[in-house]
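Owing to the predicted nature of the structure, the values given are computational and were not obtained by experimental measurement. Hydrogens, waters and symmetry mates are skipped; everything else that's a heavy atom, side chains included, is used.
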Amino acid sequence: MPVILSLTQHDQDIWALGPEGLFHLQDGALIAIPQPDAQPSCCLHNGERLLVGGGVHGVAYTTPDGGWQASWMDGVTAPVVCLAPHPDHTRTGVILAGSAGGGILRSANHGRDFFVCNFGLFDFEVLSLAWAPLPPPGAWPPIEAVFAGALGGVYRSPNGGRGWKQVATMPAPVLTLAVAPDFHAGGAVLAGAEGGGLWRSDDGGYTFAPVAGAPEVVNALLALPGGGWLLSDADRIWRSADGAAWTPLDLPPALTFLATERGVLAGGMDGVFWVE
């Protein structure tokens, strides 16, 4: 089975991607489909098109004729390793891309063109991105919070990825981030580091502190839509109701999670499997 690093969904269709290529999940089987990057790292369906991030084109997207088109990348040639759509991306067209050496790029036209948005960023190895939910209507200020995980810590943007400020320095690369659905009512932000443990913010992502007793290696995180969290280390998946106390599950480790209407799908070293 292929290694799976990234999962994405549109309507009832699910795609999985890893070093061995792009796959469509059909009746539990991963069916390979053509994609243009020889070094793929991440995938995203934004409601209009399927995008693949990798080391050859940066980002490429599907075209109406069934082909692929390379996105304009503002001169950045570093591999794109993560993609994150705006919470209302169908309306805004905004997608952020994190690259391994070129920092963060921002698209406002559904991924056709990306522009460098590194103001305030001092670490250009960006490994993870996570948006907070949009604030309730009428809330002031109308922030669009998004977080970036880099080699040396966590960055926060209050304006949809246009500018950044480092809010936490961590002892290891930040591989994964997750934001609680009730972020604007005091919900937490979690950051997982490669050998640096789990870190938590309870003040809107302005400060982070280590979570005692959590696994030291955190490869994947998910804030469950109905509340609670999932985490995977190198050996197994863990579950928590509050993000502080964690219980191991009798499941293999994962490298990525996707929340769907059916449940949570995980991707790992041996393809995909359902968590719940």
Side chain proximity check, I237 to L231, heavy atoms < 4.5 angstrom: no
Side-chain (T256) to main-chain (G267) donor-acceptor, under 3.5 angstrom: no
V189 vs F183, side-chain contact (heavy atoms from CB on, under 4.5 Å): CA-CA, chis, key distance, verdict: CA-CA 8 Å; V189 182; F183 171 80; 3.7 Å; yes
ring-ring contact (aromatic ring centres under 6.0 Å, His included) partners of W199, counting only residues at least two apart: none
Note, E194 side chain near V217 side chain (heavy atom, < 4.5 Å): no
Exam field: side chain N118 to backbone L121, donor-acceptor pair closer than 3.5 Å: no
Separation of D270 CG from M1 CE (nearest 0.5 Å): 7.5 Å
Check: P253 main-chain N/O paired with S232 side-chain donor or acceptor under 3.5 Å: no
Residues forming a ring-ring contact (aromatic ring centres under 6.0 Å, His included) with W274, sequence neighbours excluded: none
cation_pi(R156, Y206) dist<6.0 Å, angle<=45: yes
Distance (rounded to the nearest 0.5 Å) between L230 CG and S240 OG: 9.5 Å
Verify same cluster id: F124, L129 (apolar side-chain graph, 4.5 Å): yes
Short side-chain to backbone donor-acceptor contact, D74 and V116, under 3.5 Å: yes
Contact check, side chains of W68 and T62, non-hydrogen atoms, under 4.5 Å: yes
Under 3.5 Å donor-acceptor, D242 side chain and A245 backbone: yes
Near-ring test F147/W131, centroid separation under 6.0 angstrom: no
same_hphob_cluster(V218, M170) at 4.5 Å side-chain heavy-atom cutoff: no
Residue among I14, L222, V264 satisfying side-chain contact (heavy atoms from CB on, under 4.5 Å) with L258: I14
From OG1 (T92) to CD (E144), nearest 0.5 Å: 7.0 Å
Within-4.5 Å side-chain heavy-atom neighbours: W229 and L221: no
Any donor-acceptor N/O pair, D65 side chain to G67 backbone, under 3.5 Å: yes
Exceeds 12 heavy-atom contacts within 6.0 angstrom, atom CE of M269: no
Hydrophobic cluster identity match, V126 and V76, side-chain contacts under 4.5 Å: no
Expected output: side-chain S6 to main-chain C43 donor-acceptor under 3.5 Å: yes
Min side-chain heavy-atom separation L25-L265 under 4.5 Å: yes
Step-by-step side-chain contact (heavy atoms from CB on, under 4.5 Å) determination, R49 to R112: CA-CA 10 Å; R49 55 182 63 91; R112 290 188 294 273; 3.2 Å; yes
L83 CG to L96 CG distance, which is reported to the nearest 0.5 Å: 9.0 Å
Nearest atoms (heavy-atom pairs only) where P225 meets P181: O-CG, 3.8 Å
Derivation and outcome, side-chain contact (heavy atoms from CB on, under 4.5 Å), residues V272 and F23: CA-CA 11 Å; V272 299; F23 303 88; over 6 Å; no
Atom pair CG/OG1 of L44 and T8 - distance to nearest 0.5 Å: 5.0 Å
From NZ (K165) to OG (S157), nearest 0.5 Å: 12.5 Å
Closest contact, heavy atoms only, P19 versus V3: CD-O, 3.7 Å
P133 backbone acceptor or donor facing H184 side chain under 3.5 Å: yes
Heavy atoms from other residues, nucleotides or ligands near CD of Q26 exceed 12 (cutoff 6.0 Å): yes
Shortest non-hydrogen separation from V211 to G243 and the atoms involved: CG1-O, 4.0 Å
Pair W164-F122, ring-ring contact (aromatic ring centres under 6.0 Å, His included): steps then yes or no: CA-CA 9 Å; W164 301 88; F122 299 104; over 10 Å; no
Heavy-atom pair with the smallest gap, counting every atom of Y61 and G111: CD2-O, 3.7 Å
Contact check, side chains of L51 and I95, non-hydrogen atoms, under 4.5 Å: yes
Sequence neighbours excluded - salt bridge (charged side-chain N to carboxylate O under 4.0 Å, His left out) pairs with any residue from residues 82-104: D88-R91
Donor-acceptor contact below 3.5 Å, side chain Q35 vs main chain V52: no
Polar side-chain atom of T176 near backbone of N219 as donor-acceptor pair, under 3.5 Å: no
Candidate pair Q12 and E261, rule side-chain contact (heavy atoms from CB on, under 4.5 Å), full reasoning: CA-CA 9 Å; Q12 300 303 310; E261 291 184 357; 4.2 Å; yes
Heavy-atom check, side chain of L224 versus side chain of F257, under 4.5 Å: no
same_hphob_cluster(V81, L5) at 4.5 Å side-chain heavy-atom cutoff: no
Linked, directly or transitively: Y155 and V94 (ILVMFWY side chains, under 4.5 Å): yes
H45 and H10 aromatic ring geometry - parallel, tilted or perpendicular at 30°/60° bounds: parallel
Check: L251 and R236 side chains under 4.5 Å, non-hydrogen atoms: no
Considering all heavy atoms, the nearest H57-M73 contact: O-CG, 3.7 Å
Nearest atoms (heavy-atom pairs only) where A254 meets A220: O-CB, 4.1 Å
